[in-house]
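Take a look at the structure below.
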Amino acid sequence: AQTVTQSQPEMSVQEAETVTLSCTYDTSESDYYLFWYKQPPSRQMILVIRQEAYKQQNATENRFSVNFQKAAKSFSLKISDSQLGDAAMYFCAYRNRDDKIIFGKGTRLHILP
Amino acid sequence: KAGVTQTPRYLIKTRGQQVTLSCSPISGHRSVSWYQQTPGQGLQFLFEYFSETQRNKGNFPGRFSGRQFSNSRSEMNVSTLELGDSALYLCASSRVLTGPGELFFGEGSRLTVL
């Protein structure tokens, strides 16, 4: 069965600094999708970034980028120039073509002013 | 464009009761999925519906059930409530069922079981 592991329950970063959130997953599939979702305090969860496994190029969305290592089954999220509004719970998620989406347990990110 | 709407936002029940939660997806979205969020277990998939058919199901007991109507609105029901069912229940909608489709989440229904 597929699993998603986020080994850092909580992290803190100074405003304007860079932080990397870790995510590893386990699957025997070759075709799948990976996501990072953000859940701000008392607000709706939103998609931050997604990656198709067949694409070798790492996805980037403004200050957010991923380091996708398919062989190592690793999918980390890098946030550059951290801002106060980045404070949230971040969930890594995996989905193959036809199956349910699986989330990690989340990493709570604190931004220190 | 209206987002995903979940009702009620908060509710308190006692053990043994049942509860029904409602989710209205974004207009045009035909896929609706449900999740249970707790501090200890994170976000766990309950089930997913597409065009009124359950397409995927998570590892939850039969007390948890759901359905989707022809207008894509969805409901989930939990019968014989247990203390451990206290959680934030999130609904998400998507245009497509599979693959890289982005999930759009509602604000959730926070259930407290006493």
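Below, read A as the first sequence line, B as the second, and so on, with proteins coming before strands; counting in each chain starts at 1. Because the structure is a prediction, the values reported are computed rather than measured.
- Residue B:Phe104 does not touch chain A at all, counting heavy-atom pairs closer than 4.5 Å.
- In this structure, B:Leu21 is a member of the same hydrophobic cluster as B:Tyr49, with clusters built from ILVMFWY side-chain heavy atoms closer than 4.5 Å.
- Contact between B:Phe45 and A:Ile101 at its shortest, heavy atoms only, is CB-O, 3.8 Å.
- Contact annotation for A:Tyr32: neither backbone nor side-chain heavy atoms come within less than 4.5 Å of a heavy atom of chain B.
- For a residue to count as touching a neighbouring chain, one of its non-hydrogen atoms must lie under 4.5 Å from one of that chain's; by this rule A:Gln39 touches chain B with the side chain only.
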Next item on the list: Apply side-chain contact (heavy atoms from CB on, under 4.5 Å) to A:Lys100 and B:Asn59, showing your working.
Entry: CA-CA 11 Å; A:Lys100 60 191 178 188; B:Asn59 298 322; 4.0 Å; yes
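- Under a cut-off of 6.0 angstrom, the local environment of CZ in B:Arg15 is sparse, with at most 12 non-hydrogen atoms contributed by other residues, nucleotides or ligands.
- Contact count versus chain A (heavy atoms, under 4.5 Å) is highest, among B:Gly106, B:Gly42, B:Gly108, for B:Gly106.
- Cluster membership for B:Val78 and B:Leu90, using ILVMFWY side-chain heavy atoms within less than 4.5 angstrom, is not shared.
- Interface remark: B:Gln44 contributes no atoms to any contact with chain A (heavy atom separation under 4.5 Å).
- Residues A:Phe75 and A:Ile102 share a hydrophobic cluster, clusters being chains of Ile/Leu/Val/Met/Phe/Trp/Tyr side chains in contact below 4.5 Å.
- Linking Ile, Leu, Val, Met, Phe, Trp and Tyr residues whenever their side-chain heavy atoms come within less than 4.5 Å places B:Phe60 and B:Leu111 in a single cluster.
- The number of heavy atoms from other shown groups lying within 6.0 Å of NZ (A:Lys78) does not exceed 12.
- Surrounding CZ of B:Arg9 are more than 12 heavy atoms belonging to other residues, nucleotides or ligands, all under 6.0 Å away.
- Annotation: residues 40-72 of chain A contacts chain B through A:Gln44, A:Met45, A:Leu47, A:Arg50, A:Glu52 [non-hydrogen atoms, separation under 4.5 Å].
- Using a 4.0 Å cut-off between a side-chain N of Lys or Arg and a carboxylate O of Asp or Glu, A:Arg95 and B:Glu48 qualify as a salt bridge.
- Under a hydrophobic clustering in which Ile, Leu, Val, Met, Phe, Trp and Tyr are joined whenever their side-chain heavy atoms come within less than 4.5 Å, directly or via other members, A:Val13 and A:Met89 fall into different clusters.
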Next item on the list: Would you check, one step at a time, whether the test side-chain contact (heavy atoms from CB on, under 4.5 Å) holds for B:Gln37 with A:Phe91?
Entry: CA-CA 12 Å; B:Gln37 185 176 8; A:Phe91 291 95; 3.5 Å; yes
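- A donor-acceptor pair under 3.5 Å is formed between the side chain of A:Tyr37 and the backbone N or O of B:Leu103.
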